[in-house]
Amino acid sequence: MTKQVAIFASGSGSNAENIIKHFENNSNVNIKLVLCNKKDAFVLERAKKFGIPSVVFSKKQMEEGEILALLKKEQIDFVVLAGFLLKVPDEMVAAYPNRIVNIHPALLPNYGGKGMYGMKVHEAVVAAGERESGITIHFVNEFFDSGETIFQARCEVLPTDSPEDVATKVHALEYAHFPQVIESVLEKL
């Protein structure tokens with residue numbers, strides 16, 4: 001049976017597009033919806049380009065259960081957070097146990113938690129003089145960046161690297177691994 005997947009994103013959507021392309025010819029996975037909490041986010045253009053319906057919503061709508069109701073109505077089996085910055089409500093986590101995955105641009109548990117996203121993470125990694133960074137793909141629970149780790153990949157951080165250099169290396173890991181890890185999790189459902 002085809003798994004119905006929803007992608008949540010808040011920004012450009014390059015990871016979302018990479019995931020959409022990965023599953024384009026996979027009859028077992030249907031990227032059914034793209035959901036976004038910012039009406040001017042470029043991810044909405046990316047979804048349109050691939051003919052995937054998108055929904056823009058407010059934090060309030062999410063907190064009040066409207067988005068969970070929409071996921072149930074659309075018979076969504078699995079949720080992917082791809083650069084989504086809002087905390088997932090506890091009710092949604094409970095409704096999708098081990099069926100919501102997130103990607104974080106660092107090696108959790110380091111550099112995770114509220115307010116740690118995007119360039120803020122890479123700036124913190126460089127400021128701390130870390131020798132490596134990477135990505136963590138994890139299940140979502142009730143707390144920021146603390147669900148069970150599914151996969152990590154590492155990259156070297158050179159003493160001369162800027163936060164932008166680290167971001168470039170981390171993005172390459174995201175594009176290389178996130179779709180495949182999602183696929184392997186879906187195969188086990």
Side-chain angles (χ1 to χ4, degrees), residues 5-16 18-19 34-38 41-43 57-65 67-68 71 78-159 161-182 184-185:
V5 176
I7 299 176
F8 283 68
S10 295
S12 159
S14 58
N15 268 312
N18 192 36
I19 293 162
V34 169
L35 297 103
C36 183
N37 61 310
K38 296 185 177 179
F42 194 69
V43 70
F57 63 91
S58 68
K59 184 177 180 185
K60 184 175 184 236
Q61 286 174 300
M62 189 163 182
E63 289 170 348
E64 292 179 353
I67 300 308
L68 178 56
L71 295 178
F78 194 78
V79 174
V80 174
L81 307 184
F84 183 66
L85 301 181
L86 295 180
K87 185 175 179 296
V88 175
D90 292 355
E91 299 77 35
M92 191 179 296
V93 173
Y96 287 92
N98 288 342
R99 287 176 176 247
I100 306 175
V101 294
N102 182 44
I103 190 164
H104 187 76
L107 298 170
L108 292 174
N110 299 328
Y111 306 103
K114 187 169 172 53
M116 289 303 284
Y117 60 88
M119 285 306 291
K120 293 180 181 193
V121 173
H122 308 310
E123 288 163 1
V125 165
V126 169
E130 296 288 352
R131 296 303 220 182
E132 66 178 5
S133 190
I135 60 168
T136 303
I137 300 169
H138 64 93
F139 288 115
V140 173
N141 66 10
E142 301 81 12
F143 308 100
F144 276 112
D145 300 328
S146 63
E148 177 191 344
T149 296
I150 303 165
F151 176 86
Q152 286 187 318
R154 299 168 185 275
C155 61
E156 185 179 14
V157 177
L158 301 172
D161 279 349
S162 68
E164 291 76 14
D165 294 329
V166 176
T168 299
K169 293 175 184 183
V170 168
H171 281 139
L173 292 175
E174 291 173 351
Y175 302 152
H177 297 289
F178 201 17
Q180 287 82 359
V181 172
I182 292 166
S184 70
V185 173

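Worth saying up front: this structure is predicted, and the values here are computed from it rather than measured. Basis for what follows: all heavy atoms, side chains included, without hydrogens, waters or symmetry-related copies.
Minimum heavy-atom separation, K87 to E142: NZ-O, 2.6 Å. Among all heavy-atom pairs drawn from A16 and V43, the shortest one is CB-CG2, 3.9 Å. Scanning all heavy atoms of the two residues, the minimum distance from S10 to K38 falls at O-CD, 3.3 Å. The two atoms that bring A82 and A9 nearest to each other are O-CB, 3.3 Å, heavy atoms only. Between V170 and C155 the shortest heavy-atom distance is CG2-SG, 4.1 Å. Residues S146 and N141 approach most closely at OG-OD1, 3.1 Å, considering heavy atoms.
Taken from NZ in K114 to CE in M116, the straight-line distance is 13.0 Å, to the nearest 0.5 Å. Rounding to the nearest 0.5 Å gives a distance of 5.5 Å between CG of N15 and OH of Y175. One distance of note links NZ of K59 with CE of M62; it measures 10.0 Å at 0.5 Å rounding. Residue D90 holds its CG atom at 11.5 Å from CG of L68, rounded to the nearest 0.5 Å. Considering CG of L85 and SG of C36, their distance stands at 9.5 Å, rounded to 0.5 Å. Atom CD1 of I19 is separated from atom CD1 of I182 by 3.5 Å, given to the nearest 0.5 angstrom.
When D161, I135, V157 are each tested for a side-chain contact (heavy atoms from CB on, under 4.5 Å) with K169, only one passes: D161. Among V79, D145, V101, V93, the single residue meeting the side-chain contact (heavy atoms from CB on, under 4.5 Å) criterion with V140 is V93.
When side chains are defined from C-beta on, L71 counts as touching M92, because their heavy atoms get closer than 4.5 Å. Within the 4.5 Å cutoff, the side chain of N18 has heavy atoms near those of the P179 side chain. In this structure the side chain of H104 reaches within 4.5 angstrom of the side chain of V121, judged on heavy atoms. For the pair F84/N102, no side-chain contact is recorded, criterion being any heavy-atom separation below 4.5 Å from C-beta on. When side chains are defined from C-beta on, Q180 does not count as touching F151, because their heavy atoms never get closer than 4.5 Å. No side-chain heavy atom of S133 sits less than 4.5 Å from a side-chain heavy atom of E156. At a threshold of 4.5 Å between non-hydrogen side-chain atoms, the residues V185 and I137 do not count as touching.
Between the side chains of D165 and S162, at least one donor N or O lies within less than 3.5 Å of an accepting N or O.
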Side chain to side chain contact (heavy atoms under 4.5 Å, CB included) evaluation trace for H138 with Q152: CA-CA 9 Å; H138 64 93; Q152 286 187 318; over 6 Å; no
Q) Stepwise, does the side chain to side chain contact (heavy atoms under 4.5 Å, CB included) test hold for F8 with V80? A) CA-CA 6 Å; F8 283 68; V80 174; over 6 Å; no
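No more than 12 heavy atoms of other residues, nucleotides or ligands lie within 6.0 Å of OH in Y117, so this atom counts as exposed by the packing criterion.
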